[in-house]
Number of protein chains: 2
Amino acid sequence: MLRISKLTDYGTMILVHLASAKDKHLLPASDVAESTHLALPTVQKLLKILTKNGLVESARGTDGGYRLARAPEQITAAEILDTLEGPVAITECSHDDGHCDLEPNCQVGNAWQKISLAIRAAMNDIRLCDLQNPPMEFPLRHTILSKSGHKPRLHKQALGK
Amino acid sequence: MLRISKLTDYGTMILVHLASAKDKHLLPASDVAESTHLALPTVQKLLKILTKNGLVESARGTDGGYRLARAPEQITAAEILDTLEGPVAITECSHDDGHCDLEPNCQVGNAWQKISLAIRAAMNDIRLCDLQNPPMEFPLRHTILSKSGHKPRLHKQALGK
DNA sequence: ATAATATAGGACTATATTAGTCCAATATAA
DNA sequence: TTATATTGGACTAATATAGTCCTATATTAT
Ligand code: FES
Ligand code: FES
């Protein structure tokens, strides 16, 4: 259903490993690779991506390495997915962008897109610490606009292309 | 986020088209292709898949064709995704099945899987008629276990695999 | 300075998945 | 028997993902 790629899985493992690190200590990629049993080049690649997206921070040189940029409670699943899965928009329309000659009443792409956004909103409630130590059940209590049926959040998110 | 494939999008368009058909009338694949502006071979392939999975029913021969097997209110988004995206399970663990030598405390794959299931549960509330004519907002009000508040967030250790 | 360590950036290949097409077989009705 | 239309599956092409490797840059210690 929600299909996450292997790299996203790996990336999450890496984040979880960093989350369990001592304090502000920096872990070199080689250490992370060893601990997670993932191939070093893959770990290097992922750590670079995570760094570029602000989830982890890095230092070069001797005793350099990586660590979480924030506490595990302040990193959301939405961020992790955005970072590792990329800004993949749901298929918007089977016809090329903007021009749907057929049916102006076809809201199919639109509908899937709204569903996707609702899910994404729900992902904001799940945090790295939840992935680290998952609860019995994950709640998904959102609508695309708001949780109380009002109009507060407009979620004008640009889903790019 | 939730990434649906092009074929799933096409398939949804086809379902919506069938949903708008007169009564119990059968539409041949060629008709569907023309109406949706999709390539005929693709439409044929998708209709076969939809038929095999019980979402539409078919008749052969002259005046044969396809129609929805049930009313649009009785076809859920979950079914559509299951049918068109296949039974794609989320990546369970980066190590081969059952054998995670490293860390017994790694619940990463497990966590994503639970999230995926929660989303799938939410998809049971969305129906073909909603995709046809999407509401302002899609509600996602589920947890993996129940919908009535059940003391979530307990961070209980999940049972293994 | 120089050497050693480690990240940054990106190019590159290999693999897997998705998308799309086509053909032979079967069923139905006129 | 002919025309219509689905069924089943094989097949190729296109794209996305996974994985590796090379060069440049920054940092620290000697
Ligand atoms: S086919 Fe273009 S909006 Fe649906
Ligand atoms: S690496 Fe095996 S369960 Fe997480």
Side-chain angles (χ1 to χ4, degrees), chain A residues 3-14 18 25-34 36-69 81 83-91 94-96 161, chain B residues 3-14 18 25-34 36-67 69 81 83-91 94-96:
Chain A
R3 200 175 353 172
I4 67 170
S5 66
K6 277 190 184 182
L7 289 192
T8 299
D9 194 39
Y10 298 164
T12 310
M13 289 175 64
I14 291 171
L18 292 180
H25 202 245
L26 290 162
L27 300 177
S30 57
D31 176 291
V32 175
E34 209 180 332
T36 56
H37 290 189
L38 296 171
L40 178 57
T42 301
V43 169
Q44 289 171 322
K45 181 187 197 172
L46 286 166
L47 280 168
K48 280 183 261 184
I49 294 170
L50 293 169
T51 303
K52 189 152 53 185
N53 287 76
L55 293 181
V56 318
E57 52 192 25
S58 61
R60 297 186 184 190
T62 309
D63 284 324
Y66 299 89
R67 70 181 164 211
L68 288 187
L81 289 171
T83 296
L84 294 169
E85 295 279 312
V88 274
I90 212 164
T91 305
S94 45
H95 305 297
D96 293 328
K161 198 298 132 83
Chain B
R3 200 176 353 172
I4 68 169
S5 66
K6 276 190 185 183
L7 289 192
T8 299
D9 194 39
Y10 298 165
T12 309
M13 288 176 65
I14 291 172
L18 292 179
H25 201 246
L26 290 162
L27 300 177
S30 56
D31 178 291
V32 175
E34 209 180 332
T36 56
H37 290 188
L38 296 171
L40 178 57
T42 300
V43 169
Q44 288 171 324
K45 181 187 198 173
L46 286 167
L47 281 168
K48 280 183 261 185
I49 294 170
L50 293 169
T51 303
K52 188 153 54 186
N53 287 76
L55 294 182
V56 317
E57 50 192 27
S58 61
R60 296 187 184 189
T62 309
D63 284 324
Y66 299 91
R67 70 180 164 212
L81 289 171
T83 297
L84 295 169
E85 296 280 313
V88 274
I90 211 163
T91 305
S94 46
H95 305 298
D96 293 330

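Proteins come first, then strands; the chains are lettered A, B, ... in the order of their sequence lines, and each starts at number 1.
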Measuring from the side chain of [X] (C-beta onward, heavy atoms only), which nucleotide among [options] has the closest atom?
{"X": "Thr42(A)", "options": "dT7(D), dT7(C), dG19(D)", "value": "dG19(D)"}
{"X": "Ala39(A)", "options": "dT17(D), dG8(D), dT20(D)", "value": "dT20(D)"}
{"X": "Ser58(B)", "options": "dT7(D), dT21(C), dT7(C)", "value": "dT7(D)"}
{"X": "Gln44(A)", "options": "dA18(D), dT7(C), dC22(C)", "value": "dT7(C)"}
{"X": "Lys6(B)", "options": "dG20(C), dG19(D), dT18(C)", "value": "dG20(C)"}
{"X": "Ser5(A)", "options": "dT17(D), dG20(C), dG10(C)", "value": "dT17(D)"}
{"X": "Pro28(A)", "options": "dT6(D), dC21(D), dA6(C)", "value": "dA6(C)"}

Mind calculating the distance between [atom1] ([X]) and [atom2] ([N]) to the nearest angstrom?
{"X": "Leu38(A)", "N": "dT17(D)", "atom1": "CG", "atom2": "P", "answer": "19 Å"}
{"X": "Tyr66(A)", "N": "dA8(C)", "atom1": "OH", "atom2": "C1'", "answer": "7 Å"}
{"X": "Leu26(B)", "N": "dT7(D)", "atom1": "CG", "atom2": "P", "answer": "11 Å"}
{"X": "Ile49(B)", "N": "dT21(C)", "atom1": "CD1", "atom2": "C1'", "answer": "14 Å"}
{"X": "Leu27(A)", "N": "dT7(C)", "atom1": "CG", "atom2": "C1'", "answer": "14 Å"}
{"X": "Glu85(B)", "N": "dT17(C)", "atom1": "CD", "atom2": "P", "answer": "14 Å"}
{"X": "Asp31(A)", "N": "dT5(C)", "atom1": "CG", "atom2": "P", "answer": "16 Å"}
{"X": "Leu84(B)", "N": "dT18(C)", "atom1": "CG", "atom2": "C1'", "answer": "13 Å"}

5'-most contact on DNA chain C: Gly65(A) or Lys45(A), nearest heavy atom basis?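 With Gly65(A) and Lys45(A) compared, the 5'-side residue is Gly65(A).
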How would you label the contact of Pro41(B) with the nucleic acid (heavy atoms, under 4.0 Å): base, sugar-phosphate, or nothing?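 Since a base atom lies under 4.0 Å of Pro41(B), the category is base.
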Just how far is it from atom CZ of Arg3(B) to atom CG of Leu81(A), taken to the nearest 0.5 Å?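 The CZ atom of Arg3(B) sits 9.5 Å away from the CG atom of Leu81(A).
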Measuring from Ile14(B):CD1 to Leu27(B):CG, what's the distance to the nearest 0.5 Å?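 Ile14(B) CD1 to Leu27(B) CG: 11.5 Å, rounded to 0.5 Å.
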Per-nt protein contacts along nucleotides 24-30 of chain D (heavy atom under 4.0 Å; B base, S backbone sugar-phosphate only, - none) come out as -BBBB--
Is there any side-chain hydrogen bond (donor to acceptor under 3.5 Å, both in side chains) pair reaching into residues 39-59 of chain B, and which pairs are they, with sequence neighbours excluded?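 Those involving residues 39-59 of chain B are Glu57(B)-Arg67(B).
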Does some side-chain heavy atom of Leu46(B) sit less than 4.5 Å from a side-chain heavy atom of Leu7(B)?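 They are in side-chain contact.
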Ile49(A) vs Thr83(A) side-chain heavy atoms within contact, under 4.5 Å: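 A side-chain contact exists here, since the closest heavy-atom pair is under 4.5 Å.
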Answer yes or no: does a side-chain N or O of Arg3(B) lie under 4.0 Å from OP1 or OP2 of dT17(D)?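 So the side chain of Arg3(B) is within the cut-off, an N or O lying under 4.0 Å from OP1 or OP2 of dT17(D).
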Should Tyr10(A) be listed as having a side-chain N or O under 4.0 Å from OP1 or OP2 of dG19(D)?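 It does, given that an N or O in the side chain of Tyr10(A) lies less than 4.0 Å from OP1 or OP2 of dG19(D).
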side-chain contact (heavy atoms from CB on, under 4.5 Å) partner of Tyr10(A), chosen from Leu38(A), Val43(A), Thr36(A):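 Answer after filtering Leu38(A), Val43(A), Thr36(A): Leu38(A).
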With side-chain contact (heavy atoms from CB on, under 4.5 Å) as the test, pick out the partner of Leu18(B) among Leu50(B), Val56(B), Leu55(B).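 Going through the options one by one, the only one that passes is Val56(B).
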Partner residues of Thr8(A) under the side chain to side chain donor-acceptor pair (under 3.5 Å) criterion, sequence neighbours left out: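 Partners of Thr8(A) by the side chain to side chain donor-acceptor pair (under 3.5 Å) criterion, ordered by chain and then number, come out as Ser5(A), Glu85(A).
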